[in-house]
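Below you'll find the structure, written out as structure tokens, and then a few comments.
Quick note: residue numbers are just sequence positions, from 1.
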Amino acid sequence: MTATRIVRHLRLRGRHADGIRQAVPLLEDALRTASLPDAEGGRIVVVRRLALGAIDPRAAPQRLALALERGVARLGAMCTHATDNAALSAPVVWFASALEAHTLLAERLAAGESVDAWFWPLAVDV
């Protein structure tokens, strides 16, 4: 099973526009090749923010893939299930599956509960 990785917001800063433009395909390659714990049984993992530091646009995508892997691993200990009260401020939230994400959202809406948490629009297209 191939994991789907979606980046909804990407902020790159640099001294030169050319370097930033060169970093985008590098990051795309790195996202495709990084070994991230997201394909496990259809689980959805939503990352609020992942700072990668300086990106050398001349570097191999594997180097950036390793930085992605390390960054996600650091956040892994703080990964919180969406139903946990700590999810509102957690840097990483998970759902067991897309079905669970949709079901929990529907339950919250039916109960008149808030769905304003940062992770809902990332986990389910709302």
Side-chain angles (χ1 to χ4, degrees):
M1 174 180 195
T2 302
T4 301
R5 295 163 185 184
I6 299 170
V7 176
R8 295 277 169 102
H9 181 80
L10 175 64
R11 184 180 344 191
L12 296 174
R13 291 180 287 186
R15 293 184 189 132
H16 306 287
D18 287 343
I20 293 171
R21 279 192 291 278
Q22 291 170 354
V24 172
L26 177 68
L27 185 56
E28 289 171 347
D29 285 347
L31 281 165
R32 278 191 289 276
T33 60
S35 297
L36 302 175
D38 56 2
E40 204 174 288
R43 205 166 89 143
I44 294 176
V45 178
V46 185
V47 178
R48 188 175 205 166
R49 177 185 167 103
L50 181 62
L52 296 174
I55 298 172
D56 181 351
R58 299 164 305 201
Q62 296 84 352
R63 185 172 175 188
L64 187 52
L66 289 172
L68 281 165
E69 291 170 9
R70 285 191 299 269
V72 170
R74 280 191 304 272
L75 293 174
M78 297 176 270
C79 193
T80 305
H81 190 268
T83 57
D84 191 312
N85 289 336
L88 291 173
S89 60
V92 184
V93 173
W94 69 276
F95 297 86
S97 64
L99 176 62
E100 182 189 42
H102 284 85
T103 301
L104 290 174
L105 178 65
E107 289 172 350
R108 291 187 68 81
L109 289 169
E113 297 176 10
S114 172
V115 291
D116 293 337
W118 68 270
F119 53 85
W120 286 116
L122 299 171
V124 180
D125 290 329
V126 291

Legend entry - salt bridge (charged side-chain N to carboxylate O under 4.0 Å, His left out) partners for R74, two or more places apart: none
Inset, instruction - Answer yes or no: is there a side-chain heavy-atom contact under 4.5 Å between V92 and R48? - result: no
Legend entry - Within-4.5 Å side-chain heavy-atom neighbours: I55 and L12: yes
Inset, instruction - Write down the atom of A60, the atom of L26, and the distance for their closest heavy-atom approach. - result: C-CD1, 3.7 Å
Legend entry - Which atom of V124 lies closest to which atom of A101, heavy atoms considered: CG2-CB, 3.6 Å
Inset, instruction - Please check if I6 and V93 belong to a single hydrophobic cluster, counting links between Ile, Leu, Val, Met, Phe, Trp and Tyr side chain heavy atoms closer than 4.5 Å. - result: no
Inset, instruction - With sequence neighbours excluded, tell me which residues meet side-chain hydrogen bond (donor to acceptor under 3.5 Å, both in side chains) with R32. - result: D29
Legend entry - Verify same cluster id: L68, V24 (apolar side-chain graph, 4.5 Å): yes
Legend entry - Verify same cluster id: V45, L10 (apolar side-chain graph, 4.5 Å): yes
Legend entry - hydrophobic_cluster_shared for L122 and L99, side chain cutoff 4.5 Å: no
Inset, instruction - For R70, check side-chain hydrogen bond (donor to acceptor under 3.5 Å, both in side chains) against everything at least two apart and list the hits. - result: none
Inset, instruction - Enter the distance from R108:CZ to L104:CG here, rounded to the nearest 0.5 Å. - result: 8.5 Å
Inset, instruction - Scan R15, Q22, R21 and name whichever one has a side chain to side chain donor-acceptor pair (under 3.5 Å) with D18. - result: R21
Inset, instruction - Answer whether the closest heavy-atom distance between the side chains of L27 and L52 falls below 4.5 Å. - result: yes
Inset, instruction - Report the residues that fulfil ring-ring contact (aromatic ring centres under 6.0 Å, His included) with H102, sequence neighbours left out, ordered by chain and then residue number. - result: none
Legend entry - Donor-acceptor under 3.5 Å (W118 side chain, A87 main chain): yes
Inset, instruction - Please assess M78 against L75 for the test side-chain contact (heavy atoms from CB on, under 4.5 Å), listing each intermediate value before the final yes or no. - result: CA-CA 5 Å; M78 297 176 270; L75 293 174; 3.8 Å; yes
Inset, instruction - Not counting sequence neighbours, which residues clear side-chain hydrogen bond (donor to acceptor under 3.5 Å, both in side chains) with T83? List them please. - result: H81
Inset, instruction - State, to 0.1 Å, how close A65 and A30 come at their nearest heavy-atom pair, and which atoms those are. - result: N-CB, 3.5 Å
Inset, instruction - Please answer whether the main-chain N or O of S35 pairs with a side-chain N or O of E69 as donor and acceptor at a distance below 3.5 Å. - result: yes
Legend entry - Qualifying residues under side-chain hydrogen bond (donor to acceptor under 3.5 Å, both in side chains), relative to R58, sequence neighbours excluded: D56
Inset, instruction - Any chance you could measure L36, atom CG, to L31, atom CG, to the nearest 0.5 Å? - result: 7.5 Å
Legend entry - is_close_aromatic(F119, W94), centroid dist under 6.0 Å: no
Legend entry - Non-hydrogen atoms of T80 and A90 that approach each other most closely: OG1-CB, 3.5 Å
Inset, instruction - Group every Ile, Leu, Val, Met, Phe, Trp and Tyr by side-chain heavy-atom contacts under 4.5 Å, then state whether V115 and I44 land in the same group. - result: yes
